[in-house]
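Following: one structure in structure tokens, then a few remarks.
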Protein chains: 2
Amino acid sequence: MMLDPAEHAAIEKAVSEIKIVPARTVMVEAGETLRHSALVIDGLMGRTISDRDGLRQFVGLHLPGDFVDLHSYALSQLEHDIASVTHARVAIVPHDRIHALVADTTLARKLWFATLLDAAMHRAWLFRLGRLDAMGRVAHFLCETNARLRAVGLSDGRRFALDLTQNDLAEICGVTSIHMNRILRQLREEGLCVVRSSHVEILRPDWLAARGQFDASYLYLDPDAA
Amino acid sequence: MMLDPAEHAAIEKAVSEIKIVPARTVMVEAGETLRHSALVIDGLMGRTISDRDGLRQFVGLHLPGDFVDLHSYALSQLEHDIASVTHARVAIVPHDRIHALVADTTLARKLWFATLLDAAMHRAWLFRLGRLDAMGRVAHFLCETNARLRAVGLSDGRRFALDLTQNDLAEICGVTSIHMNRILRQLREEGLCVVRSSHVEILRPDWLAARGQFDASYLYLDPDAA
DNA sequence: CCGCAAAACTAACCTACGGCAATCTCATTC
DNA sequence: GAATGAGATTGCCGTAGGTTAGTTTTGCGG
């Protein structure tokens with residue numbers, strides 16, 4: 001988000017509480033009225049929408065450093081759930097303190113920008129679900145996650161830890177977990193990418209990006225993160 | 001967006017130009033550097049992402065009254081195209097004038113809110129593509145569009161004009177136009193909904209909402225728009 | 001009123017993915 | 001180290017939706 005140190009400190013000071021969220025726990029349910037937002041410190045948090053049978057579609061995945069629901073500040077209630085994927089720690093920032101923060105117009109713009117990045121990611125996900133087949137979706141997602149993790153120093157560009165079950169991946173990519181298993185096997189057998197027990201290794205990054213038609217520009221990362 | 005008259009006037013005064021966009025014209029291409037945003041006056045505008053074969057996925061559809069690319073103000077370049085669907089008129093608002101507008105913190109918050117609504121709609125679209133079958137997607141989209149058009153007085157709750165071809169609908173719902181044709185025929189034959197030559201008539205709104213698992217809350221419309 | 005293009009529609013065939021039903025492999029706990 | 005349970009894996013079969021290759025309708029300019 002390119003916050004300068006002063007802004008960083010200001011946000012840090014606005015934190016009221018550090019919350020521990022056990023793995024696979026719904027932290028916020030759709031429709032709840034919220035008076036604070038959450039910032040991921042470590043672990044993975046997800047935003048999900050459930051269908052009438054309780055089957056979930058992920059609409060976002062949040063890594064350490066991400067504001068999960070900054071938008072709840074302006075919306076005050078959300079139309080989706082917020083749940084932990086892994087065990088996680090989040091910093092709680094009360095809305096009234098955000099209100100004080102955004103008195104600084106520059107910071108206000110940066111926070112706005114952060115929510116716009118989320119929206120850009122939503123659009124990339126729409127493309128993924130609308131135009132790619134199952135393997136393309138997985139490829140696209142892995143490229144995206146690799147790029148994002150790399151930007152926060154959690155990937156070396158080929159290998160990274162990612163504590164998602166095949167079922168989580170399925171809920172992200174809009175396929176069944178059985179089919180996700182088949183796709184992962186294919187990727188493995190073809191020597192392109194190994195996704196196994198919370199660890200991902202991309203053997204042919206260029207190929208994966210082509211297969212998923214991935215172009216990182218929507219992440220608006222620093223140019224140095226080649 | 002619930003702007004008060006003064007705010008409305010302020011935005012109107014910020015318009016530099018009214019632009020006519022012929023039907024099916026790309027107005028802004030991904031990657032272009034933008035110095036203004038556009039507000040739809042009449043017609044339909046769409047936001048699309050193309051795959052490598054040029055096949056498009058709609059990631060948003062904008063009706064009269066919508067800001068199409070307000071987010072370009074903070075992002076300055078977009079990762080998707082903006083194209084007219086029908087013949088349209090748009091009001092151009094230069095970014096430097098928006099900069100002046102957002103000096104008013106209240107208005108800044110409302111514009112932020114407007115971009116958050118877009119994001120909420122993206123998430124609903126993600127749910128649509130990720131969890132619904134083709135008929136569910138169409139049902140969901142028609143319910144959404146009906147609700148949105150109703151909010152601006154362009155639908156009576158059952159019938160409305162919608163100048164989309166079957167191919168447009170296909171690009172919105174992530175299916176082929178051939179399959180879209182099959183779905184529309186089914187809806188017609190089962191007496192649920194008639195979509196024909198730029199006109200939609202919903203015969204059984206409740207059924208359609210159930211079929212598409214549609215819940216309008218993500219549109220954050222006034223409560224009176226039952 | 002004709003000619004043309006775009007859109008709507010149809011049919012026959014094919015495949016990617018879903019659904020179901022097992023089985024297998026771990027890691028955890030007592 | 002047996003018991004438990006979550007997750008991974010596999011096979012089989014059914015179907016929603018894609019593909020290809022048309023024909024028919026609609027709307028529009030001349």
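The sequence lines fix the lettering, A, B, ..., with proteins before strands; numbering per chain opens at 1. Predicted, not measured: the structure shown is a model, and the values here were computed from it.
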Between the protein and nucleotides 10-14 of chain D, list every N/O to N/O distance that falls short of 3.5 Å.
residue	atom	partner	partner atom	Å
D:dT10	OP2	A:R185	NE	2.7
D:dC12	N4	A:R182	NH1	3.4

Can you check the [X] [atom1] to [N] [atom2] distance for me, whole Å?
X: A:E171; N: C:dG18; atom1: CD; atom2: P; answer: 13 Å
X: B:M135; N: D:dG17; atom1: CE; atom2: P; answer: 9 Å
X: A:R137; N: C:dA16; atom1: CZ; atom2: C1'; answer: 11 Å
X: A:L169; N: D:dA8; atom1: CG; atom2: P; answer: 8 Å
X: A:D133; N: D:dG17; atom1: CG; atom2: C1'; answer: 13 Å
X: A:L164; N: D:dA8; atom1: CG; atom2: P; answer: 10 Å
X: A:M180; N: C:dA16; atom1: CE; atom2: P; answer: 16 Å
X: A:D163; N: D:dA6; atom1: CG; atom2: P; answer: 17 Å

When you check the side-chain N and O atoms of [X] and [Y], is any donor under 3.5 Å from an acceptor?
X: B:R35; Y: B:H95; value: no
X: A:T115; Y: A:D118; value: no
X: A:H80; Y: B:R123; value: yes

When you measure from the side-chain N and O atoms of B:T176 to the phosphate of D:dG18, is any distance below 4.0 Å, counting only OP1 and OP2?
yes

Of the candidates D:dT9, C:dA8, D:dG7, the side chain of B:Q166 sits closest to C:dA8

Point-to-point distance, once rounded to the nearest 0.5 Å, from CZ of A:R128 to CG of A:L126
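With rounding to 0.5 Å, CZ (A:R128) is 10.0 Å from CG (A:L126).
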
Does A:R56 form a salt bridge (Lys or Arg N to Asp or Glu O under 4.0 Å) with A:D51? I'd like the steps, not just the answer.
CA-CA 6 Å; A:R56 303 191 304 175; A:D51 71 8; over 6 Å; no

Flag side-chain contact, heavy atom, 4.5 Å: B:D156 against B:R159:
yes

